[in-house]
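The figures here come from the full heavy-atom set of this structure, side chains too, leaving out hydrogens, waters and symmetry mates. Chain letters run A, B, ... following the sequence lines, proteins first and then strands; every chain starts at 1. Everything quoted here is computed from the prediction, not taken from an experiment.
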Protein chains: 2
Amino acid sequence: MLKTFDDLNKSSCSDCVDMSCAVSLLNKAQYNLLSDNSLESEIKKGEIIIRSDSLISNIVYLKTGFVKEFVIGQDKEMRIIQILKNHSYLGLHSLFGDKINHYSYAALEDLKVCYIDINIFKQLIKSNGSFAYQILKDIGKENIYNYYRFIANSKNNIDGRFANILLYLSERIYENTKFNLQLSRQELADLIGISRESTTRIITKFKKDGIINVTRNSMELIKLDLLQKISKNG
Amino acid sequence: MLKTFDDLNKSSCSDCVDMSCAVSLLNKAQYNLLSDNSLESEIKKGEIIIRSDSLISNIVYLKTGFVKEFVIGQDKEMRIIQILKNHSYLGLHSLFGDKINHYSYAALEDLKVCYIDINIFKQLIKSNGSFAYQILKDIGKENIYNYYRFIANSKNNIDGRFANILLYLSERIYENTKFNLQLSRQELADLIGISRESTTRIITKFKKDGIINVTRNSMELIKLDLLQKISKNG
DNA sequence: CTCAAAATGTGATCTGTGTCACATTTATTA
DNA sequence: TAATAAATGTGACACAGATCACATTTTGAG
């Protein structure tokens, strides 16, 4: 979708409907700085947004849509680290610890994003403590969930892991017990480190037991209490 | 070790030999604020420093010594998340994402620590962008290493995991190919989510193959290239 | 609409690693 | 220094889940 010169001029971060919590804490000058140094863009389903091992030049703010964060192992297998939803920053994980992106990001559906120059982003953090604090909060929340999942996965049978990821998707990502499943069976498997075949078998079993209701691209959690129990005791 | 009144008065963060990078970015007033609201203390080997599920009231700065960060699962088994060395902050993981500590911290040897009131800590972040930026950098670095380990663990046989943790301890924690092993075999197992018996077997095998040199409480990595290879290809 | 390619489902094996059971060594306490 | 507890080593065995092989369904291109 091409923009007219007028459109480009008009766009300002200060009246963005998808503004992040952190950005809402900026002052007028900082809004302008951000507006002048960020670029809105649209990305089609399946496209790679950031490639791992690339130099970090931009932070990508996800205005709308879902994204998977992943790495490809030396065995060529994909490990999905997490799913990111609207109003998240992509690339934050690597920004403060390194000069290189450690993960790749791919669009699970059509997206609206904003590219933000990293130097501007860093400058905002250094010049606005509240902005920095909000970013720290975002990162902290994300990490708590991710660490929890990693820990849960490490000592859990595959049923427990799968129950766990269903609850994660429902509570944290889609915020509903029923959601459109933008992930293939393979991707669900990659999210918890099990095989595709096992994923199929678990889904069949859970469906038979009335725990979930699935079609190819929709998922509904029925017996939440049972899922909780399975996610804990395997 | 009791302190005299004079000792207490004298202690100032501005001339602490174990000062963190972040604190070195504070101005005079901020130094004083920190000095007035932090408390130096010593902790004996084995003691719990922070208990998970407790309310966050202090951040603990680790001046000297090694600490394990862990949780106890519902199966009563310990999952060690990471080892922390001197000049690290304990509790940062939970501080920005929640009001409750998500992990426990225990001393692997006698420690020197400083308790810092969280409100002061947050105030410093909001009032000093460079301080905030440095904390973000610390958290970022730590996360990169931890995520990498979690990902590596999820699709790797136990030999690969063990090679991986040896390299992690050597490079990241002890910064030497030879180090005092303050962790028991059980704790090494808990760090990578395998059984104690498997740990024993791997150590025996690696020793026989001349890859490492171990005694009960010392570890030396001999064939680093082979360890790298095992950590990648299992 | 047709046909090829991709995704998914399902049964039959095979294997890595946990578990159990016990021996041995090291640490701790009296 | 003996006695007890804790940590570690080691073999035998079981089984969860990966892998393989193939059937079936869905998707997408022309």
Side-chain angles (χ1 to χ4, degrees), chain A residues 44-46 68 73 75-80 106 108-109 152-165 180-209 212-219 230-231 233-234, chain B residues 44-46 68 73 75-80 106 108-109 152-165 180-209 212-219 230-231 233-234:
Chain A
K44 286 255 168 295
K45 177 177 178 172
K68 67 173 173 184
D75 51 1
K76 304 289 175 197
E77 285 190 6
M78 181 179 288
R79 293 288 301 116
I80 299 180
L108 292 173
E109 56 180 1
N153 274 359
S154 73
K155 287 255 184 168
N156 220 344
N157 64 16
I158 58 174
D159 287 23
R161 292 192 196 193
F162 193 74
N164 210 55
I165 203 66
N180 272 22
L181 197 58
Q182 286 125 333
L183 300 160
S184 68
R185 305 296 142 108
Q186 181 66 64
E187 285 173 318
L188 284 172
D190 292 339
L191 205 39
I192 49 178
I194 70 176
S195 69
R196 180 187 60 77
E197 292 92 330
S198 292
T199 304
T200 296
R201 281 186 257 264
I202 296 169
I203 288 175
T204 307
K205 186 164 62 178
F206 280 12
K207 189 152 61 173
K208 203 172 63 187
D209 294 349
I212 58 174
N213 211 333
V214 237
T215 66
R216 190 155 299 260
N217 39 34
S218 85
M219 170 71 70
I230 295 170
S231 85
N233 309 314
Chain B
K44 286 255 169 294
K45 177 176 177 172
K68 67 173 172 184
D75 52 1
K76 305 289 174 195
E77 285 190 7
M78 181 179 288
R79 292 291 300 117
I80 299 180
L108 291 174
E109 56 179 2
N153 274 358
S154 73
K155 286 257 184 166
N156 218 344
N157 64 17
I158 57 175
D159 288 25
R161 291 192 196 192
F162 193 74
N164 209 55
I165 204 66
N180 272 22
L181 197 58
Q182 286 125 333
L183 300 161
S184 68
R185 305 298 142 107
Q186 181 67 63
E187 284 173 319
L188 284 172
D190 293 339
L191 205 39
I192 50 178
I194 71 174
S195 69
R196 181 188 58 78
E197 293 91 329
S198 291
T199 304
T200 296
R201 281 186 258 267
I202 296 168
I203 289 176
T204 307
K205 185 165 62 179
F206 280 12
K207 190 151 63 171
K208 203 171 62 186
D209 294 350
I212 58 175
N213 210 332
V214 238
T215 67
R216 190 155 297 261
N217 39 36
S218 85
M219 170 72 71
I230 295 170
S231 86
N233 309 315

To the nearest angstrom, the CZ-P distance between B:R161 and C:dG16 comes to 15 Å
Taken to the nearest whole Å, CZ/A:R196 to P/D:dA21 is 14 Å
On a heavy-atom basis, the closest approach of B:R185 and B:I203 is CD-CD1, 3.5 Å
Atom CD1 of A:I194 and atom P of D:dT19 are separated, to the nearest Å, by 12 Å
B:N156 CG to C:dT15 P, in whole Å, measures 19 Å
Between A:L181 and A:R216 the two heavy atoms that sit nearest each other are CD2-O, 4.5 Å
A:I192 CD1 to D:dG17 P, in whole Å, measures 11 Å
Q.
Test side chain to side chain contact (heavy atoms under 4.5 Å, CB included) on A:E187 and A:L108; report intermediate values, then the result.
A. CA-CA 11 Å; A:E187 285 173 318; A:L108 292 173; 4.1 Å; yes
Rounded to whole Å, the CG-P distance (B:N157 to C:dC14) equals 21 Å
5'-most contact on DNA chain C (nearest-nucleotide basis), B:N217 vs A:L183, goes to A:L183
Practice prompt. Indicate whether OP1 or OP2 belonging to C:dG9 is found under 4.0 Å from a side-chain N or O atom of A:R185.
Written response: yes
A:T200 side chain near C:dT10 phosphate (N/O to OP1/OP2, under 4.0 Å) | no
The residue, B:K207 or A:S195, whose nearest nucleotide of DNA chain D is more 5′ is B:K207
Nearest heavy-atom approach of B:I194 to B:S198 is CD1-CB, 4.1 Å
d(B:I80 CD1, B:L188 CG) to nearest 0.5 Å is 8.0 Å
Handout entry: Phosphate contact (D:dT25 OP1 or OP2) by A:R216 side-chain N/O below 4.0 Å
Key = no
_Phosphate OP1/OP2 of C:dG18: any B:S198 side-chain N/O under 4.0 Å_ = yes
To the nearest angstrom, the CG-C1' distance between B:D190 and C:dG18 comes to 14 Å
A:R201 atom CZ is separated from D:dC15 atom C1', nearest whole Å, by 15 Å
Considering only heavy side-chain atoms of B:E197, the closest of C:dA21, D:dA16, D:dT19 is C:dA21
